**Q** 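I have a structure here, written as structure tokens, and I will follow up with some questions on it.
Everything numeric here is computed off the predicted structure, so don't read it as measured data.
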There are 2 protein chains.
Amino acid sequence: MVAVKKIGKLEAEIITVGREVLTGKTLNTNSQWLSGKITALGGVVRRHITVDDRVQDIAKAVEESLNRGVDLIIVTGGLGPTFDDVTREGLAEAFKRKLRLNDSAVQMITQRYSQLRGLREEEVKLTGLQRRMAEMPEGSKPVMNPVGVAPGIVHECGSTLTVAMPGVPKEVEGIFESYVEPLIRRRVGGFQLYELNLLIAGVSESIIAPMVGEAMKNYAPIYIKSHPMGASLIKLDITCGGKDVKEVGDRVLSAASFILRRILQGFNDCSGTRVVNHPFNS
Amino acid sequence: MVAVKKIGKLEAEIITVGREVLTGKTLNTNSQWLSGKITALGGVVRRHITVDDRVQDIAKAVEESLNRGVDLIIVTGGLGPTFDDVTREGLAEAFKRKLRLNDSAVQMITQRYSQLRGLREEEVKLTGLQRRMAEMPEGSKPVMNPVGVAPGIVHECGSTLTVAMPGVPKEVEGIFESYVEPLIRRRVGGFQLYELNLLIAGVSESIIAPMVGEAMKNYAPIYIKSHPMGASLIKLDITCGGKDVKEVGDRVLSAASFILRRILQGFNDCSGTRVVNHPFNS
């Protein structure tokens, strides 16, 4: 269970384990996917961290996230059977617990191999390396991996819940959707995130900046992010989250109208400006 | 200048500043691009960190990287003119320096605007927000941005060099290639990274794992990373770096032959296995 400090708020950090990300071989799409999901559910992602496949590096990253007191830590990668899959050891060190063979995890792994190979469970014999996937810090619980074999690992430490999962994107998505998402939904509940995008051409970001600041003040708690998209093209993302769909939508639309009106009023200062489009995505 | 603790070795960390990455809106391609570049140049990337557009979060991330004593910290994002561009403030706090208007930075910004708008430099009048881009922690130096307007910021702190640059990918690439890359080349010098990829079908990762472990021991200092690519398909990346091209190449080829021979010898144990391809990429 996730303990949440403020009702309706859930702060999360995402730790990626894998040298392939640090060498630039692999693009960290897992962190993006998880962040999009958590944000849409009403959570707030505070940090992404990527570390090498080294026990000390993993342990330190997890300890630091625990010390920052976030509600949810998601760790991806390093739970497989190979020599450089050492997330289990890193977690044990961070939690100051011993690594032990977990019987339910052995059961889950056996069941997954039997399903994937079309064997009866009695026919599945796990090798030593395959049994490693069932080792977990004492006090942790395994979570079924609906896509691959290695189970996820869940651990409570104070008010922080840590969920570790293998790094294969389909497995991250499988474990998140089957286990983490329902858990966040129960805690945050009924949250809606609205976003409106304005693409504005012919004006520099520094001219739009004061209008954005004013709009954010007038229509708080909205958030407006401006993205320079190349020569004199600015994308504004206006977002607002909350439980009352109508109120949230109104707020976002009002802020957009405010900015558009200000641009039109200031036409002498920023001639050539035009709003390219403003699709409304709920 | 980058101070390097071990000759020929350069440890780096990459800090990304931007809420758009933490909400999943933007994929962190900058970190991947920078990591690929630094790795190919012979450096080692130890960590990626992404934080929100908040002064405290940026300051803490930079302080932590400084405390880990890496040689190079690259910070991307948050150097533009908008309200949420607060990397300057975060850096000042981390370096414990005051933020001051930097005259060379004002000069660079004026020069870039005059180039981009086809004006004479005397005709360029900077607004207050545009002048913000010239504010830097005392003791920092501006670095010309060959693509956009906001200059990069360079700061030495003990043996650590911090280089901050705006987050627009083309600007990251421009500042890295014009300023950081020559600097890393001078320090690491003549490094070559070799990589060979083996795609192996019909055998599970846990069967290949012991062979990989043995090959890494026998042909040290090579590194082999195995990537599960879906149902019984494993990609092995065998990499080795060094200054002697022939020695490095030999080592990688020997390790690959060792693994291939072991798979063929163990054919009874892992029948159905085949090596799909083994392109050699230098």
Side-chain angles (χ1 to χ4, degrees), chain A residues 16 18-29 31-40 44-53 57 61 64 80-84 116 127 129-130 132-133 148 166 168 170 204-210 212-213 216 223 225-228 230-231 237 239, chain B residues 16 18-29 31-40 44-53 57 61 64 80-84 116 127 129-130 132-133 148 166 168 170 204-210 212-213 216 223 225-228 230-231 237 239:
Chain A
T16 305
R19 182 168 301 182
E20 69 277 22
V21 177
L22 294 176
T23 58
K25 182 172 286 291
T26 303
L27 187 57
N28 196 344
T29 54
S31 287
Q32 185 192 30
W33 187 89
L34 288 164
S35 295
K37 278 284 189 176
I38 293 168
T39 304
V44 179
V45 178
R46 283 284 173 226
R47 242 189 217 231
H48 293 173
I49 305 110
T50 303
V51 292
D52 201 358
D53 308 293
D57 294 15
E64 287 163 13
T82 64
F83 78 96
D84 58 353
L116 293 169
T127 67
L129 283 172
Q130 288 165 346
R132 272 194 70 211
M133 293 188 279
V168 180
K170 285 275 165 238
S204 81
E205 204 179 14
S206 52
I207 290 189
I208 297 218
V212 167
M216 278 187 63
Y223 188 78
K225 179 91 197 177
S226 77
H227 306 273
D237 298 329
T239 51
Chain B
T16 306
R19 183 169 299 180
E20 69 277 21
V21 177
L22 294 176
T23 58
K25 181 170 289 288
T26 303
L27 188 56
N28 195 344
T29 54
S31 288
Q32 184 192 28
W33 188 88
L34 288 165
S35 296
K37 277 283 190 177
I38 294 168
T39 304
V44 179
V45 179
R46 284 283 171 229
R47 241 189 217 230
H48 294 173
I49 304 111
T50 303
V51 292
D52 201 355
D53 307 295
D57 294 17
E64 288 164 13
T82 64
F83 77 97
D84 59 354
L116 293 169
T127 66
L129 283 171
Q130 288 165 346
R132 273 195 69 211
M133 293 189 280
V168 179
K170 286 276 164 236
S204 80
E205 203 180 13
S206 51
I207 289 187
I208 297 215
V212 166
M216 278 188 60
Y223 188 78
K225 179 90 196 177
S226 78
H227 306 273
D237 297 329
T239 51

**Q** Only pairs of heavy atoms separated by less than 4.5 Å count here; which of B/K170, B/H227, B/E20 has the most with chain A?
**A** B/E20

**Q** Which atoms of B/A40 come close to chain A, meaning under 4.5 Å heavy atom to heavy atom: side chain ones, backbone ones, both, or neither?
**A** neither

**Q** Apply side-chain contact (heavy atoms from CB on, under 4.5 Å) to A/E64 and list each qualifying residue two or more places apart in sequence or on a separate chain.
**A** A/K60, A/R68, B/R47, B/E64, B/R68

**Q** Is B/V212 close to chain A through its backbone or its side chain, or both, or neither, when contacts mean heavy atoms under 4.5 Å?
**A**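 When you check distances to chain A, only side chain atoms of B/V212 fall under 4.5 Å.
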
**Q** Please determine, among A/T29, A/I38, A/V45, the option with the most heavy-atom pairs under 4.5 Å with chain B.
**A**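 Highest number of heavy-atom pairs under 4.5 Å: A/V45.
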
**Q** Looking at CD1 of B/I49 and OG1 of A/T50, how far apart are the two atoms once the value is rounded to the nearest 0.5 Å?
**A**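 Going from CD1 on B/I49 over to OG1 on A/T50, the span is 8.5 Å.
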
**Q** Would you say that B/R46 contacts A/D52 through its side chain, given a criterion of any heavy-atom pair below 4.5 Å between the two side chains?
**A** yes

**Q** Which heavy atom of B/L129 sits nearest a heavy atom of A/A209, and at what distance?
**A** CD1-CB, 3.6 Å

**Q** Between A/S35 and B/G24, which heavy-atom pair has the shortest distance, and what is it?
**A** CB-N, 3.6 Å

**Q** Counting heavy-atom pairs under 4.5 Å with chain A, which one of B/T127, B/T239, B/T26 comes out on top?
**A** B/T26

**Q** How long is the gap from OG1 on B/T39 to CZ on A/R19, to the nearest 0.5 Å?
**A** 10.0 Å

**Q** My understanding is that only residues two or more places apart in sequence, or in another chain, count here; which of them pass side-chain hydrogen bond (donor to acceptor under 3.5 Å, both in side chains) with A/K37?
**A** A/E177, A/E181

**Q** What part of B/V44 lies closer than 4.5 angstrom to a heavy atom of chain A: side chain, backbone, both or neither?
**A**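 Looking at B/V44, nothing touches chain A.
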
**Q** Heavy-atom pairs under 4.5 Å with chain B - which of A/E205, A/M216, A/R132 has more of them than the others?
**A** A/E205

**Q** Give, for atom CG of A/L22 and atom CD of B/Q32, the distance between the pair rounded to the nearest 0.5 Å.
**A**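 CD of B/Q32 is found 11.5 Å from CG of A/L22.
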
**Q** Any side-chain heavy atom of B/K225 within less than 4.5 Å of one from A/D53?
**A** yes

**Q** Of the backbone (N, CA, C, O) and the side chain (C-beta and beyond), which part of B/M133 lies under 4.5 Å from a heavy atom of chain A, both, or neither?
**A** neither

**Q** Between A/T16 and chain B, which part of the residue has a heavy atom less than 4.5 Å away: side chain, backbone, both or neither?
**A**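 Neither; nothing under 4.5 Å.
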
**Q** Quick one: which of A/V21, A/D237, A/L27 has the most heavy-atom pairs under 4.5 Å with chain B, could you say?
**A** A/L27

**Q** Just so I know, are the side chains of B/N28 and A/H48 near enough to count as touching, which here means a heavy-atom distance under 4.5 Å?
**A**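 B/N28 vs A/H48: side chains apart.
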
**Q** Side chain, backbone, both or neither: which part of B/P210 has an atom under 4.5 Å from a heavy atom of chain A?
**A**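 Contact with chain A is through both the backbone and side chain of B/P210.
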
